[in-house]
Amino acid sequence: MNLARGLAWALLAAPLAAAASESVTLDRLPADVRPHDAVSLQRGAQVYVNYCMGCHSAAYMRYDRLQDLGLTPQQIRDNLILTGAKVGDLMTIAMKPAESKEWFGTPPPDLTLIARSRSSGSGSGADWLYSYLRGFYRDTSRPTGWNNTVYPNVAMPHVLWQLQGVQALTTEVVAIPRGTKGEVEKHEVQKLVLVRPGAMSPAEYDRMAGDLVNFLDYVAEPSRQFRIELGIYVLVFLGLLFVLAYLLKKEYWKDVH
């Protein structure tokens, strides 16, 4: 009975959770952050290992796969491996799930597929991550002192606050004209305001966040660029095959028609 009730709640909660995620207005990942930009991906990898990998693993990714980004094994070893791991090892962390649950209330998720799992009708997973990294604000009611506009009541602290600075969530009343008689309709709009600058300017922080998201998007599907390029060749081949097959068909059936 308990199992059936749990399954029923899960079935009900799934569409509600999806609807809630799609109700968030997401910022679009800047168009100049390109998935084949090796320099952007390298910068994103460096941000990831320095600021994210203390708590978040990428357990289905190996360090040596980062050679796809134009890095040599020695560069990976010197700049991206901060532990005793080897270049061929998986990108795991030492923190155990039981310990992290006790410290944070919930274990930090593995980030290998986060860019794919967060896609929704509101935007891509990259858009969600970009908005999330830009959406932290100070909230003294939360245990960590931080909250997020994209993920309300998130357990994660804002580990990049020294770079971004401190934001506050403010509410503004916006008057929208209605009709032709000077009538207005008032709406409350929430807005993030930078109250204490960080080490980076807003433009620099947004660029860094874009590079990090670009790297996480690559980690979610490292072979995507190769798949796209291969798909073009396959389509060209199929087109040529179709022409040859059509000409062959005409040759075989010319006496029949």
Determine whether Asp206 and Tyr130 satisfy the following criterion, side chain to side chain contact (heavy atoms under 4.5 Å, CB included), listing intermediate values before the conclusion. CA-CA 8 Å; Asp206 289 348; Tyr130 183 67; 3.5 Å; yes
Let me see the working for His56 and Ile93 under side chain to side chain contact (heavy atoms under 4.5 Å, CB included), right down to the final yes or no. CA-CA 7 Å; His56 296 279; Ile93 59 175; 5.9 Å; no
Does the pair Met208 and Arg43 meet the rule for a side chain to side chain contact (heavy atoms under 4.5 Å, CB included), with working shown? CA-CA 8 Å; Met208 185 207 66; Arg43 290 196 301 255; over 6 Å; no
Hey, mind stepping through Asp217 and Arg224 against salt bridge (charged side-chain N to carboxylate O under 4.0 Å, His left out) and telling me if it holds? CA-CA 10 Å; Asp217 197 36; Arg224 181 177 61 178; 3.0 Å; yes
Going through the distances and angles, do Thr149 and Phe136 end up as a side chain to side chain contact (heavy atoms under 4.5 Å, CB included)? CA-CA 7 Å; Thr149 56; Phe136 279 96; over 6 Å; no
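More than 12 heavy atoms of other residues, nucleotides or ligands lie within 6.0 Å of CZ in Phe104, so this atom counts as buried by the packing criterion. More than 12 non-hydrogen atoms from other residues, nucleotides or ligands lie less than 6.0 angstrom from CZ of Arg65. In the displayed structure, Arg28 atom CZ is contacted under 6.0 Å by more than 12 heavy atoms of other residues, nucleotides or ligands.
With hydrogens and angles disregarded, no donor-acceptor distance shorter than 3.5 Å links the side chain of His36 to the backbone of Gln225. Panel note: side chain Ser223, backbone Phe226; no donor-acceptor pair is recorded below 3.5 Å. A side-chain donor-acceptor contact under 3.5 Å links Thr112 to the backbone of Ala59. Between the Gln164 side chain and the Trp161 main chain, no donor and acceptor come within less than 3.5 Å of each other. Asn147 places a side-chain N or O within donor-acceptor distance of the main-chain N or O of Asn153, the cut-off being under 3.5 Å. Under a 3.5 Å cut-off, the side chain of Asp89 and the backbone N or O of Lys86 do form a donor-acceptor pair. A donor-acceptor contact shorter than 3.5 Å is absent between the side chain of Ser40 and the backbone of Asp37. Side-chain atoms of Tyr48 do not come within 3.5 Å of backbone N or O of Val213 as any donor-acceptor pair. The backbone N or O of Leu129 lies less than 3.5 Å from no partner atom in the side chain of Arg118, so there is not a single donor-acceptor pair. At least one donor-acceptor pair under 3.5 Å links the side chain of Asp127 to the backbone N or O of Ser124.
Residues Tyr60 and Ile76 are members of separate hydrophobic clusters, defined by side-chain heavy-atom contacts under 4.5 angstrom among Ile, Leu, Val, Met, Phe, Trp and Tyr. Leu90 and Leu69 fall into different hydrophobic clusters, defined by Ile, Leu, Val, Met, Phe, Trp and Tyr side-chain heavy atoms under 4.5 Å apart, directly or through other members. Under a hydrophobic clustering in which Ile, Leu, Val, Met, Phe, Trp and Tyr are joined whenever their side-chain heavy atoms come within less than 4.5 Å, directly or via other members, Phe215 and Ile81 fall into the same cluster. Following chains of ILVMFWY side-chain contacts shorter than 4.5 Å, one can reach Phe237 starting from Leu230, so the two form part of one hydrophobic cluster. The hydrophobic cluster containing Tyr151 also contains Leu111, counting ILVMFWY residues as joined when their side-chain heavy atoms lie under 4.5 angstrom apart, directly or transitively.
Ser57 approaches Thr92 most closely through the heavy-atom pair CB-CA, 4.0 Å. The shortest non-hydrogen separation linking Arg138 to Gly145 is CD-O, 3.0 Å. Across every non-hydrogen atom of Met95 and Cys55, the tightest pair is CE-CA, 3.5 Å. Here the closest heavy-atom approach between residue Gly135 and residue Gln167 is recorded as C-NE2, 4.4 Å. Contact detail for Gly210 and Val33: the closest heavy-atom pair is O-CG1, 3.5 Å. Annotation for Ser119 and Arg116: closest pair OG-O, 3.0 Å, computed over non-hydrogen atoms.
Proximity of Leu71 to Gln42: side-chain heavy atoms (C-beta onward) are separated by under 4.5 Å at one or more points. Side-chain contact between Leu194 and Pro202 is present, with heavy atoms from C-beta onward closer than 4.5 Å. Side-chain contact between Tyr132 and Met156 is present, with at least one heavy-atom pair separated by less than 4.5 Å. Here the side chains of Asn214 and Pro35 are in contact, with some heavy-atom distance below 4.5 Å. Within the 4.5 Å cutoff, the side chain of Thr106 has no heavy atoms near those of the Lys101 side chain. Within the 4.5 Å cutoff, side-chain heavy atoms of Leu66 are placed close to those of Leu80. In this structure, Leu163 and Leu160 have side chains that are in contact, with non-hydrogen atoms separated by less than 4.5 Å.
Summarising the hydrophobic clusters (Ile, Leu, Val, Met, Phe, Trp, Tyr; side-chain heavy atoms under 4.5 Å, direct or chained), the residues clustered with Leu192 are Tyr137, Leu169.
If you take CG on Leu212 and CG on Leu41, they are separated by 11.0 Å, rounding to the nearest 0.5 Å. One distance of note links NZ of Lys191 with OG1 of Thr170; it measures 6.5 Å at 0.5 Å rounding. Rounded to the nearest 0.5 angstrom, Ser131 OG and Leu26 CG are separated by 4.5 Å.
Aromatic ring pairs are classed by plane angle as parallel below 30°, tilted from 30° to 60° and perpendicular above 60°; the pair His158 and Trp146 is perpendicular.
A salt bridge links Asp32 to Arg207: one of the charged nitrogens lies within less than 4.0 Å of a carboxylate oxygen. Under 4.0 Å is where a charged nitrogen must lie from a carboxylate oxygen, and between Arg134 and Asp27 at least one such pair does.
Asn50 and Gln46 are not linked by any side-chain donor-acceptor pair at a separation below 3.5 angstrom, with hydrogens and angles left out of the test. Between the side chains of Asp68 and Tyr218, a donor-acceptor pair is found at a separation under 3.5 Å.
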